[in-house]
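Worksheet: one structure, shown below.
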Amino acid sequence: MNCFALNTQHAPLHLDNVQGVVALELAIGGSLPDSFDAWPVSLADNWNAAAEQAIFDSCKTLGDMARAFLKWRAAELDRQLGAAEAPTITEDAPYSSRSSIHFFDNQEEAIRYRDDHGTGGWIFVCDDKGEATLFPHLMTPSTILLMGWTSKSGGRFIGATGKIIQQEDVG
């Protein structure tokens, strides 16, 4: 396995995983929990799949790893969704709030951030802890569920107009 794959036998902050975790946090624009069990399973699986395909081999910095993962994931999403061509992300492309994923302790913080910054986008609120994730405005609940960034315990989506849909209602 590639040296940048996450070793699930060690805690995320174990020395063997530190570079991968930091690069992954840069890629998602937020902090990950200290326990692998609290991570979205597909996130760690996607990181490891990218590492197995040697996308990190030419990376010299953590930023290079984060950008390589984002490019790889965008191409994978396009392939999964049947898009004709993967979008190109240039090395120096700006990462604005309109295209970033943001993590919050509760739905009120997420709604306030969305309103204050005019980002739009669906907010997913976890049923178990009430933590909220604000997704970019172009992502639909179906796309978000395909990415696997939602809690296994379930939750609800809150739209920019206040519309609420339960995770199980998205099909």
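If you read the sequence from its start, that first residue is 1, and numbering goes on from there.
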| field | Spatial distance of atom OG1 (T161) from atom NZ (K163) [nearest 0.5 Å] | value | 7.5 Å

| field | Point-to-point distance, once rounded to the nearest 0.5 Å, from CZ of F135 to CZ of R114 | value | 12.0 Å

| task | From the options F104, F103, F124, select the one residue that forms a side-chain contact (heavy atoms from CB on, under 4.5 Å) with L134. | result | F104

| task | Over all heavy atoms of both residues, which pair between Q107 and V125 is shortest? Give the atoms and the distance, please. | result | CB-CG2, 3.6 Å

| Sequence-distant partners of D116, side-chain hydrogen bond (donor to acceptor under 3.5 Å, both in side chains), two or more places apart | none

| Closest heavy-atom contact between A132 and I123? | CB-CG2, 3.8 Å

| task | Start with the C-alpha distance between L145 and F157, add both sets of side-chain angles, then the distance that settles side chain to side chain contact (heavy atoms under 4.5 Å, CB included), and finish with yes or no. | result | CA-CA 11 Å; L145 290 174; F157 287 98; 4.1 Å; yes

| note | For A23 and A66, the nearest pair of non-hydrogen atoms, with its separation, is O-CB, 3.4 Å

| task | For E76 and N46, run side chain to side chain contact (heavy atoms under 4.5 Å, CB included): C-alpha distance rounded to whole Å, both residues' side-chain angles, the deciding distance at 0.1 Å, then the answer. | result | CA-CA 9 Å; E76 281 294 301; N46 278 304; 5.6 Å; no

| Please walk me through it: do L43 and L32 pass side chain to side chain contact (heavy atoms under 4.5 Å, CB included)? | CA-CA 10 Å; L43 180 61; L32 289 166; 3.6 Å; yes

| query | How many angstroms lie between atom NE2 of H137 and atom OG1 of T119, to the nearest 0.5 angstrom? | reply | 9.0 Å

| Measuring from S42:OG to R73:CZ, what's the distance to the nearest 0.5 Å? | 7.0 Å

| request: Kindly give the heavy-atom pair with the smallest separation between M65 and W47, and that separation in Å. | output: CE-CZ2, 3.7 Å

| remark: To the nearest 0.5 Å, atom CG of L70 lies from atom CZ of R67 at 9.5 Å

| remark: Looking only at heavy atoms, the pair that brings I165 and P141 closest together is CD1-CG, 3.9 Å

| When you look at CG of D105, are more than 12 heavy atoms from neighbouring residues, nucleotides or ligands closer to it than 6.0 Å? | no

| Hey, are D64 and T61 close enough side-chain-wise for a donor-acceptor pair under 3.5 Å? | yes

| request: Could you tell me how the ring of H102 sits relative to the ring of Y113: parallel (under 30°), tilted (30 to 60°) or perpendicular (over 60°)? | output: tilted

| request: Identify the two heavy atoms, one from W122 and one from I158, that lie closest to each other, and give their separation to 0.1 Å. | output: CE3-C, 3.4 Å

| message | Rounded at 0.5 Å granularity, tell me how far CE in M139 sits from CD1 in I144. | response | 5.0 Å

| Test log, rule ring pair (Phe, Tyr, Trp, His ring centres under 6.0 Å), inputs W72 and F56 | CA-CA 10 Å; W72 177 85; F56 304 125; 8.5 Å; no

